[in-house]
Each structure stands twice: as C-alpha cells, then as structure tokens.
Engineer: 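Please see the structure below; I have some questions.
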Protein chains: 2
Amino acid sequence: MAGTSTKPGTPGDQAAPGTIVGPQRELLDQILDKWGQLLLTSLCQQPRRFNELKREIDGITQKSLTQALRRLERNGLVERQVLEQRPIAVEYRITPLGRTLDKPFLTLLAWTADHLAEVEQHRDAYDADNR
Amino acid sequence: MAGTSTKPGTPGDQAAPGTIVGPQRELLDQILDKWGQLLLTSLCQQPRRFNELKREIDGITQKSLTQALRRLERNGLVERQVLEQRPIAVEYRITPLGRTLDKPFLTLLAWTADHLAEVEQHRDAYDADNR
DNA sequence: CAGCATCCAACTGGATACTG
DNA sequence: CAGTATCCAGTTGGATGCTG
C-alpha cells in the first residue's frame with residue numbers, strides 16, 4: 001500500500017532499496033519461523049514420519065506440527081506421501097525447492113555464530129544502564 | 001535444551017546439523033521480524049529521526065516503532081543519539097555491527113526473488129486440489 | 001518532537017478429546 | 001498412526017490520551 005504514488009519532491013518516502021516487502025516478506029514469514037526452520041533442516045537429512053518429527057522436534061505440539069507441515073507443503077518445500085500400510089503411515093520429504101533454502105539458512109547460522117557474543121555484550125551493557 | 005547430552009545409540013534424536021536453536025534462534029527472532037528488517041534496511045541508508053521512520057515505514061504504529069527500535073538498540077544494531085535542540089530531536093543510526101547483517105539480508109532477498117514465482121505456482125496447485 | 005501508559009480486540013498456540 | 005475439532009489462556013499490537 002505504501003509508495004504506490006511515487007510523488008516527486010518527497011525524497012526518502014519510499015522503501016529503501018534491498019527492503020523486503022510485500023509477497024516476499026510474507027514468504028519469509030512462512031519459512032523463517034521457529035518450527036518451519038527446524039522442520040526443513042530435519043527433513044533435509046532424511047524423510048520422516050509424522051510422529052518421528054513430533055518426537056524429534058521436542059516441544060512442538062501436534063497442532064503446530066500439522067500447521068507447519070501444511071504450510072511448508074503448500075509452498076512446495078515439503079512433500080507429503082501416504083504409504084500404503086496398516087495402520088496408516090505418512091512420510092514427509094524435502095523437495096528440491098526446499099533444499100535451495102540451505103544456503104540462506106547457513107548464511108544466517110554463520111552470522112549468528114559470528115556475532116552472538118558481541119550482541120550479548122551489547123545487551124549486558126544496555127541492561128546495566130537501564131538498571 | 002534438547003540435545004545437550006549427545007548420547008550415542010539414539011540416532012536421529014538430536015537436532016539436525018545446521019539447525020538454529022537456543023540463543024541463536026532467539027536472536028534471529030529479534031532481528032528478522034517485519035519491523036526490524038525494515039528499520040535496519042532503512043537506517044543502512046542514512047540516519048533518521050523518530051518521526052521520519054514512522055512516516056517512512058508506513059503502517060507501523062508509534063508503539064511498535066518504539067519497541068522495535070529499543071530492541072535493535074539493545075542488541076547493538078542501532079544507535080540512539082539525542083540531539084541538543086529545541087524541541088527535542090533524536091537520531092537513530094545503524095552501527096557497524098548492524099551493517100554486518102547486510103549480507104544475510106541480501107541472501108534472503110535473492111532467494112525470495114529467485115523462487116517466489118515457483119512457490120506461488122505450488123500454492124496455486126495446492127489450493128486447487130483442496131478446493 | 002519523541003515518547004510513555006493504558007485499554008482492549010484479535011490472533012496464537014497449548015491442552016484435551018475424538019476419528020478413520 | 002495421523003490427524004481433526006474445540007476450548008481457552010496468554011500474548012500481540014492497534015487506538016487513544018497524556019507528558020517533558
């Protein structure tokens with residue numbers, strides 16, 4: 001909604017270049033959340049069954065797991081395969097598209113690894129001032 | 001908290017390698033959210049005043065803006081400078097640490113740019129099936 | 001101008017019970 | 001096993017009014 005009228009004479013009113021907005025922002029929200037990231041990383045290793053994931057992720061409820069898996073499946077990052085067995089068995093697998101997230105994830109992981117200590121120092125300093 | 005005891009013999013029970021958990025996950029949550037990302041990108045261009053940001057970001061409320069700025073400041077990504085003027089003026093600037101987020105952000109932006117169309121096709125297919 | 005404080009509606013996510 | 005459905009407490013975030 002913002003910046004649709006690119007009115008000249010009002011510089012600095014539009015979004016900055018490199019800003020992630022709109023559909024791209026929404027997409028990131030669907031992928032970068034806690035459970036989505038954990039599930040994708042887990043499934044990158046090997047296919048898993050529903051309850052395997054539930055046990056592995058630790059802390060996730062069945063409701064959240066279902067929702068997260070559906071969202072990933074809808075975006076084409078994860079595939080759902082119903083195995084013909086009794087009782088019923090379902091397998092979730094990463095898709096080639098899902099695998100392309102590996103690089104962005106590793107970049108983020110590297111950033112946190114590189115700067116977490118520094119961030120924590122800033123936090124301590126900030127909290128000390130506002131004590 | 002999970003996976004602290006890397007017990008052999010229970011394969012698949014720990015978090016997958018590359019998984020972002022704990023303090024690192026929490027840090028990403030503080031930075032990658034909608035307002036945080038928009039603010040950091042904006043401030044990467046030039047310093048801004050409080051109401052400048054409020055006007056530019058478009059959609060953010062004063063409360064959310066204050067909260068987001070405080071959070072970024074606490075993590076050492078943004079600096080708050082009170083200018084000696086009347087009426088009071090406050091300037092927010094990106095820190096060197098904040099600038100190091102440029103590369104991760106660009107990686108994410110590149111990923112969404114590269115794959116958004118494909119994701120949207122998957123969504124359409126998924127929604128068509130479940131109609 | 002740059003906030004803080006408060007109220008409240010909407011959404012999120014956990015716990016629980018039930019089904020093919 | 002792999003879910004769906006429901007209830008409900010806690011959190012989020014917008015709107016509003018006030019201050020130095």
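The figures here come from the full heavy-atom set of this structure, side chains too, leaving out hydrogens, waters and symmetry mates.
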Engineer: For the side chain of R70(A), counting heavy atoms from C-beta on, which of dG13(D), dT4(D), dC7(D) is nearest?
Structural biologist: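 Closest nucleotide among those given: dT4(D).
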Engineer: Below 4.5 Å, heavy atoms only, C-beta onward: do Q46(A) and E52(A) meet side chain to side chain?
Structural biologist: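 Side chain of Q46(A) against side chain of E52(A), heavy atoms only: no contact under 4.5 Å found.
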Engineer: If we ignore hydrogens and angles and just use 3.5 Å, is the side chain of T19(A) paired with the main-chain N or O of T41(B) as donor and acceptor?
Structural biologist: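 No: the side chain of T19(A) does not pair with the backbone of T41(B).
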Engineer: Nearest of dA15(D), dC1(D), dG3(C) to any side-chain atom of K63(B)?
Structural biologist: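 Nearest to the side-chain atoms of K63(B), counting from C-beta on, is dA15(D).
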Engineer: Under 4.0 Å between any heavy atoms, over every strand shown, what does R86(A) touch: base, sugar-phosphate, or nothing? Just pick one.
Structural biologist: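 Answer is nothing: R86(A) stays at 4.0 Å or more from every strand.
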Engineer: Could you state the CD-P distance from Q81(A) to dG3(D), rounded to the nearest angstrom?
Structural biologist: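 Taking CD of Q81(A) and P of dG3(D), I get 13 Å after rounding.
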Engineer: Can you tell me how far P of dT4(D) sits from CG of N51(A), to the nearest Å?
Structural biologist: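 Going from N51(A) (CG) to dT4(D) (P), I get 13 Å.
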Engineer: Quick check: do H122(B) and Y126(B) have side-chain heavy atoms less than 4.5 Å from each other?
Structural biologist: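 The answer is no, as the side chains (C-beta and beyond) never meet within the 4.5 Å cut-off.
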Engineer: Using whole Å, what does the distance between atom P of nucleotide dC1(D) and atom CD of E52(A) come to?
Structural biologist: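 So the two atoms are 10 Å apart, to the nearest Å.
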Engineer: Can you tell me the distance, in whole Å, between the CD1 atom of I57(B) and the P atom of dG14(D)?
Structural biologist: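 Distance, rounded to whole Å: 13 Å.
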Engineer: Taking OP1 and OP2 of dT12(D), is either one under 4.0 Å from a side-chain nitrogen or oxygen of S64(B)?
Structural biologist: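 So the side chain of S64(B) is outside the cut-off, no N or O lying under 4.0 Å from OP1 or OP2 of dT12(D).
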Engineer: For the side chain of I88(A), starting at C-beta, report the closest nucleotide among dG20(C), dG3(D), dA2(C).
Structural biologist: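 Side chain of I88(A) sits closest to dG20(C).
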Engineer: Let me know the distance between CD of Q85(B) and P of dA2(C), rounded to the nearest Å.
Structural biologist: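 Taking CD of Q85(B) and P of dA2(C), I get 9 Å after rounding.
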Engineer: In whole Å, what is the span from the CD atom of Q67(B) to the P atom of dA2(C)?
Structural biologist: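 So the two atoms are 18 Å apart, to the nearest Å.
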Engineer: I want to verify a distance call: between dA15(C), dG14(D), dA2(D), whose nearest atom is closest to the T61(A) side chain?
Structural biologist: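 The nucleotide sitting nearest to the side chain is dA15(C).
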Engineer: Is any side-chain heavy atom of L53(A) closer than 4.5 Å to one of L43(A)?
Structural biologist: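 A side-chain contact under 4.5 Å exists here.
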Engineer: Checking the side chain of T107(B) only, and the main-chain atoms of K103(B) only, is there a donor and an acceptor separated by less than 3.5 Å?
Structural biologist: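 Checked: pair present.
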Engineer: Rounded to the Å, how far apart are L69(B) CG and dC4(C) P?
Structural biologist: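 So the two atoms are 10 Å apart, to the nearest Å.
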Engineer: Rounded to the Å, how far apart are L65(A) CG and dA2(D) P?
Structural biologist: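 L65(A) atom CG is separated from dA2(D) atom P by 10 Å.
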Engineer: Can you tell me if the side-chain N/O atoms of R80(B) get under 4.0 Å from OP1 or OP2 in dA2(C)?
Structural biologist: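 For dA2(C), OP1/OP2 do not have a side-chain N/O of R80(B) under 4.0 Å.
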Engineer: Are any of Y92(B)'s side-chain N or O atoms less than 4.0 Å away from OP1 or OP2 of dC1(C)?
Structural biologist: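 Y92(B) to dC1(C) OP1/OP2: no side-chain N or O under 4.0 Å.
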Engineer: Can you find a donor-acceptor N/O pair under 3.5 angstrom joining the side chain of Q62(B) to the base of dC4(C)?
Structural biologist: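 Flag set: donor-acceptor pair detected.
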